[in-house]
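Reading through the structure tokens given below for one structure.
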Amino acid sequence: MTKRALITGVTGQDGAYLAENLLEKGYEVHGLRPYSAVPDEGRIEKLEELKLHYGDMIDGGNILRLIDAIQPDEIYNMAAMSHVHVSFDVPEATANINALGVLRVLEALRMMGSKGKDIKFYQASSSEMYGRSPAPQNEKTKFEPCSPYGTAKLFAYWTTRNYREAYGLYAANGILFNHESPLRGEEFVTRKITKAICEIEAGLKQKISLGNLDSKRDWGHASDYMEGVWQILQAPEADDYVLATGEAHSVREFVEVAFSHIGINLAWEGENINEVGRNKITGETLVEIDQAFFRPNEVHHLLGDASKAHNKLGWKPKYSFEGLVEDMMRADRIIDKQSKPRAA
Ligand code: GDD
């Protein structure tokens with residue numbers, strides 16, 4: 001029998017990779033996207049079999065009606081206001097979507113009674129929930145969120161666990177550390193860096209402005225993580241799992257490795273807000289610091305321990321840190337694409 005999946009937030013990076021993955025596995029895939037006045041289908045336009053619906057995490061009736069009409073076997077909640085820095089500007093909207101939105105889906109499943117119990121639910125929880133808790137972090141680590149995004153995600157995490165315990169729903173959390181790809185939004189630091197460097201190489205830009213260069217993240221590839229997300233919902237019992245690579249790198253290291261792809265080595269000079277990254281050979285300033293990209297409260301060091309997912313699900317990421325940067329740089333390169341011979 002064909003399995004049916006419903007993915008919220010299907011137009012985002014994770015939604016797009018997951019939809020592609022599930023279609024390849026033979027699923028019937030339905031995707032929810034909020035109404036947008038500007039085109040938002042770029043990441044999913046090649047997925048012709050994907051069935052799209054308008055849906056919004058702040059509209060409980062809409063969510064209930066859609067779940068009842070689609071009757072999915074599995075729901076993957078990938079919808080979120082996903083930018084940590086922006087969440088400081090719109091904390092109430094962030095909580096409405098990221099916290100109450102999850103409650104609305106779980107309430108819909110609860111209201112559906114025995115039909116709701118047949119539907120497996122995945123919640124996209126985040127390593128941002130660990131906040132200031134010392135690294136490495138795993139499923140037993142204390143949560144200390146330090147952003148409106150993190151606190152909203154923590155509400156959703158506990159609500160998912162409580163609905164599993166209180167009502168016997170199959171509801172699982174994936175606590176995912178940062179995961180990137182060529183489909184990553186340009187407002188996140190990795191894609192901002194790879195895109196800017198490729199523009200610098202093509203002569204379209206002179207330098208890149210960044211915030212905190214010393215924060216460390218455990219960066220993996222979104223395609224590896226979406227396979228893990230699917231595996232989480234295939235476990236016989238619903239449970240919570242960390243997905244991470246077990247390796248952390250600073251923003252500074254990411255910048256250095258990405259620049260090395262266009263043959264540039266950087267030399268750092270100065271301190272704090274006055275620090276700059278120069279081309280070691282020419283002395284040209286290529287990286288500068290801008291206070292605007294610092295957050296009111298920062299998570300300094302995220303490093304995940306995914307041994308539970310490895311031992312219980314057999315999940316292991318394929319991409320290394322270097323492989324991830326290479327994949328993103330390859331996709332953003334303008335020069336290479338321009339010099340490619342035209343198809344005959
Ligand atoms: N966005 C951004 N822009 N971040 C910068 C910049 C900049 O110019 N300069 C330095 N950073 C630093 C941030 O301060 C942060 O420490 C780090 O780079 C990563 O920032 P993001 O790429 O915006 O990701 P994030 O770690 O805040 O959040 C991502 O990962 C979470 C999982 O831990 C998002 O994908 C979240 O949705 C996700 O839950």
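Remember, it's 1-based here, ligands and their atoms both numbered in the order they're listed. Along the sequence shown, the residues carry numbers beginning at 1.
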Q. Distance only, no hydrogens: is a donor on one side chain within 3.5 Å (strictly under) of an acceptor on the other, for T285 and R278?
A. yes
Q) If you measure from each non-hydrogen atom of Y149 to ligand 1, which part falls under 4.0 Å: side chain, backbone, both or neither? A) side chain
Q: Taking atom types as modelled, find out whether N173 and Q123 have a side-chain donor-acceptor pair closer than 3.5 angstrom.
A: no
**Q.** ligand 1-proximal atoms of S82, by part, heavy-atom distance under 4.0 Å
**A.** both
**Q.** Geometric class of the H221/Y319 ring pair [parallel <30°, tilted 30-60°, perpendicular >60°]
**A.** parallel
Q. Can you tell me which residue and heavy atom of the protein come closest to atom 14 (O) of ligand 1, and the distance to 0.1 Å?
A. E298 OE2, 2.5 Å
Q) In ligand 1, which numbered atoms sit nearer than 4.0 Å to a non-hydrogen atom of V251? A) 12 (C), 18 (O)
**Q.** R184 contact mode with ligand 1 (heavy-atom cut-off under 4.0 Å)
**A.** side chain
Q. Could an N or O of ligand 1 be found under 3.5 Å from any N or O of W219, whether backbone or side chain?
A. no
Q. Among protein heavy atoms, which sits nearest to atom 17 (C) of ligand 1, and what does the distance come to when rounded to 0.1 Å?
A. S215 OG, 3.7 Å
**Q.** Any donor-acceptor N or O pair under 3.5 Å, side chains Q137, S127
**A.** no
Q: Output the list of atoms in ligand 1 that are nearer than 4.0 Å to some heavy atom of V84, sorted by atom number.
A: 27 (O), 28 (O)
Q. How does H300 reach ligand 1, by side chain, by backbone, by both or by neither, if only non-hydrogen atoms under 4.0 Å count?
A. neither
Q) Any idea which part of R217 is under 4.0 Å from ligand 1, heavy-atom wise: side chain, backbone, both or neither? A) side chain
**Q.** Residue and atom name of the nearest protein heavy atom (relative to atom 9 (N) of ligand 1), distance in Å to one decimal
**A.** G211 N, 2.8 Å
**Q.** Over-ring placement of R184 relative to F188, 6.0 Å and 45° cut-offs
**A.** yes
Q.
Distance under 4.0 Å to a non-hydrogen atom of E128: what atoms of ligand 1 satisfy this?
A. 33 (O)
Q.
Closer than 4.0 Å to some heavy atom of L210 - which atoms of ligand 1 meet that?
A. 8 (O), 9 (N)
Q: Would you indicate whether the side-chain heavy atoms of H301 and S215 approach each other to under 4.5 Å?
A: no
Q) Do D68 and Q71 get their side chains close enough for a donor-acceptor pair, meaning under 3.5 Å? A) yes
Q) Given that the side chain starts at C-beta and the backbone is N, CA, C, O, which of these parts of V189 lies under 4.0 Å from ligand 1, counting heavy atoms, or is it both or neither? A) both
Q) Under 3.5 Å, is there a donor-acceptor pair between the T190 and E180 side chains? A) yes
**Q.** Neighbour count >12 (heavy atoms, 6.0 Å) for atom CD1, I281
**A.** no
Q: Indicate whether the side chain of W268 and that of E256 have a donor and an acceptor atom separated by less than 3.5 Å.
A: yes
Q. Is ligand 1 under 4.0 Å from a heavy atom in the side chain of K153, in the backbone, in both, or in neither?
A. neither
**Q.** Side-chain donor-acceptor contact under 3.5 Å, S209 with D290
**A.** no
Q.
Angle between ring planes, F143 versus Y130, binned at 30° and 60°: parallel, tilted or perpendicular?
A. parallel
(Q) Distance under 4.0 Å to a non-hydrogen atom of S126: what atoms of ligand 1 satisfy this? (A) 31 (C), 32 (C), 33 (O), 38 (C), 39 (O)
Q | Donor-acceptor side-chain pairing of E74 and Y27 below 3.5 angstrom | A | yes
**Q.** ligand 1-proximal atoms of L302, by part, heavy-atom distance under 4.0 Å
**A.** side chain
Q: Considering only non-hydrogen protein atoms, determine which one is nearest to atom 33 (O) of ligand 1 and report residue, atom name and distance to 0.1 Å.
A: S127 OG, 2.5 Å
Q. Going by the order shown, which atoms of ligand 1 are within less than 4.0 Å of some heavy atom of K192?
A. 7 (C), 8 (O)
Q: Check step by step if salt bridge (charged side-chain N to carboxylate O under 4.0 Å, His left out) holds for R110 and E107.
A: CA-CA 5 Å; R110 179 183 168 203; E107 266 298 285; 2.8 Å; yes
Q) For atom 1 (N) of ligand 1, what is the nearest protein heavy atom, given as residue, atom name and distance? A) E187 O, 3.0 Å
Q) Among protein heavy atoms, which sits nearest to atom 24 (O) of ligand 1, and what does the distance come to when rounded to 0.1 Å? A) N178 ND2, 3.6 Å
Q) Does ligand 1 have a heavy atom under 4.0 Å from the side chain of H83, from its backbone, from both, or from neither? A) side chain
Q: Return yes or no for this condition: an N or O of F188 is under 3.5 Å from an N or O of ligand 1.
A: no
Q) Does any donor atom in the side chain of D332 or T194 lie under 3.5 Å from an acceptor atom in the other side chain? A) yes
Q) For atom 20 (O) of ligand 1, which protein heavy atom lies nearest, and how many Å away is it? A) R295 NH2, 3.3 Å
Q | Protein contact to atom 10 (C) of ligand 1 [nearest heavy atom, distance to 0.1 Å] | A | N212 O, 3.3 Å
